[in-house]
Amino acid sequence: VGRGIEAPSPYIPQTDCDLRLRKGTVALMRLLQRTYSDGANLGILQSCAAEGITSEHSDGRALDFGLNAKNPRQHAEADAFLQWLFATDRYGNSQAMARRLGVMYVIYNAQIRSIGDPGYSPYDPAVCSGGRGDDTTCHRTHIHISLSWAGALGRTSFWTGHVAAIDYGPCVAPGHLF
């Protein structure tokens, strides 16, 4: 795709429950399944009962890919993916694949990294620090990936070859905000 690249996506939270699979989210899940044989599709859409929490599953912009941090082989696959995702490309673009895919943030093994941040931070340290907290909540059993609207809709340069503008998503009907 050349030197052109998406700006790091700002965090755009879910604002409504719209349980529809999104083209880019599905394509990223398929890419992960083809590439990492030990991983598992743990889902894209979740119940709207999760409204109000930070996740983007309720509008089809997040996926959970099962790679257990306690399994050495799966942990190595997760590390390989995350290194690829956040690597600088040959043009000097930092976090190149994450930006080209429209990733807003990832959570894995009790660590979170948002686009634009230089590294990982503890995820929910009150619950997950020091190995505490259950493995699912602390994302030790899977990678959670939240996408921007452009990423979820498959409009980013990774899929189209053209740099996408920041997409703030659809307008929300009155009374439908979380």
Side-chain angles (χ1 to χ4, degrees), residues 1 5-68 74 77-87 95-109 111-117 123 136-137 139-173 176-178:
V1 293
I5 193 166
E6 284 75 8
S9 177
Y11 176 64
I12 302 166
Q14 62 190 17
T15 55
D16 203 358
C17 187
D18 185 7
L19 294 174
R20 284 191 271 172
L21 292 172
R22 309 292 178 183
K23 177 182 174 180
T25 313
V26 171
L28 178 55
M29 179 65 84
R30 288 183 179 145
L31 176 67
L32 290 167
Q33 289 177 291
R34 283 191 314 266
T35 307
Y36 302 103
S37 61
D38 288 331
N41 178 346
L42 299 183
I44 294 173
L45 302 175
Q46 291 182 359
S47 162
C48 291
E51 290 181 6
I53 65 167
T54 302
S55 87
E56 295 72 52
H57 283 291
S58 293
D59 56 18
R61 294 187 297 131
L63 63 88
D64 290 334
F65 188 64
L67 287 170
N68 194 319
Q74 291 182 20
E77 287 187 354
D79 282 347
F81 168 67
L82 294 170
Q83 287 175 17
W84 172 81
L85 190 67
F86 288 107
Q95 304 174 346
M97 289 303 153
R99 291 166 59 188
R100 290 185 190 288
L101 285 163
V103 172
M104 292 190 304
Y105 67 91
V106 298
I107 308 169
Y108 181 65
N109 198 17
Q111 299 285 309
I112 185 169
R113 186 167 183 184
S114 297
I115 296 307
D117 288 350
Y123 175 73
T136 301
T137 300
H139 298 79
R140 294 184 194 105
T141 59
H142 66 283
I143 299 173
H144 170 92
I145 304 168
S146 279
L147 298 172
S148 66
W149 277 102
L153 296 172
R155 296 180 181 158
T156 58
S157 60
F158 187 88
W159 307 112
T160 68
H162 302 285
V163 175
I166 293 174
D167 184 337
Y168 291 92
C171 293
V172 178
H176 284 260
L177 294 173
F178 292 136

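All values reported here derive from a predicted model rather than from experimental measurement.
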Could you pull out every donor-acceptor pair under 3.5 Å between side chains of residues 77-84 and any protein atom, sequence neighbours left out?
residue: E77; atom: OE1; partner: D38; partner atom: N; Å: 3.3
residue: D79; atom: OD2; partner: H75; partner atom: NE2; Å: 3.4

Can you tell me how far the [atom1] atom of [X] sits from the [atom2] atom of [Y], to the nearest 0.5 Å?
| X | Y | atom1 | atom2 | answer |
| --- | --- | --- | --- | --- |
| Q111 | I143 | CD | CD1 | 13.0 Å |
| T25 | L147 | OG1 | CG | 4.5 Å |
| L45 | D59 | CG | CG | 9.5 Å |
| S114 | Q95 | OG | CD | 9.5 Å |
| L63 | L42 | CG | CG | 9.5 Å |

May I ask you to test the F65-L28 pair for a side-chain heavy-atom distance under 4.5 Å?
->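 Sidechains of L28 and F65: no contact.
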
Non-hydrogen side-chain atoms of H142 and T136 separated by less than 4.5 Å | yes

Those residues that, when tested against N41, pass side chain to side chain contact (heavy atoms under 4.5 Å, CB included) (two or more places apart) = M29, Q33

Contacts of type side chain to side chain contact (heavy atoms under 4.5 Å, CB included), residue S9, not counting sequence neighbours = I12, M104, S148

Whether E56 side chain and R61 backbone form a donor-acceptor pair below 3.5 Å | no

Take Q74 and Y36, measure what side-chain contact (heavy atoms from CB on, under 4.5 Å) needs, and give me the verdict at the end.
-> CA-CA 9 Å; Q74 291 182 20; Y36 302 103; over 6 Å; no

Donor on one side chain, acceptor on other, H57 and D64, under 3.5 Å = yes

Is it true that the side chains of H144 and S146 contain a donor and an acceptor less than 3.5 Å apart?
-> yes

Among all residues two or more places apart in sequence or in another chain, which pass the salt bridge (Lys or Arg N to Asp or Glu O under 4.0 Å) test with [X]?
| X | value |
| --- | --- |
| R113 | none |
| R99 | none |
| R34 | none |

Step by step, would you call F86 with V106 a side-chain contact (heavy atoms from CB on, under 4.5 Å)?
-> CA-CA 10 Å; F86 288 107; V106 298; 3.7 Å; yes

Taking every non-hydrogen atom, the tightest pair across A165 and A150 =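 Closest approach of A165 to A150: O-CB, 4.0 Å.
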
Can you pull the side chain to side chain donor-acceptor pair (under 3.5 Å) pairs that have at least one residue in residues 155-172, sequence neighbours excluded?
-> E6-S157, R100-S157, R155-D167

Result of checking L85, I44, I107, L32 against I145 for side-chain contact (heavy atoms from CB on, under 4.5 Å) =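 When L85, I44, I107, L32 are each tested with I145, the side-chain contact (heavy atoms from CB on, under 4.5 Å) holds only for L32.
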
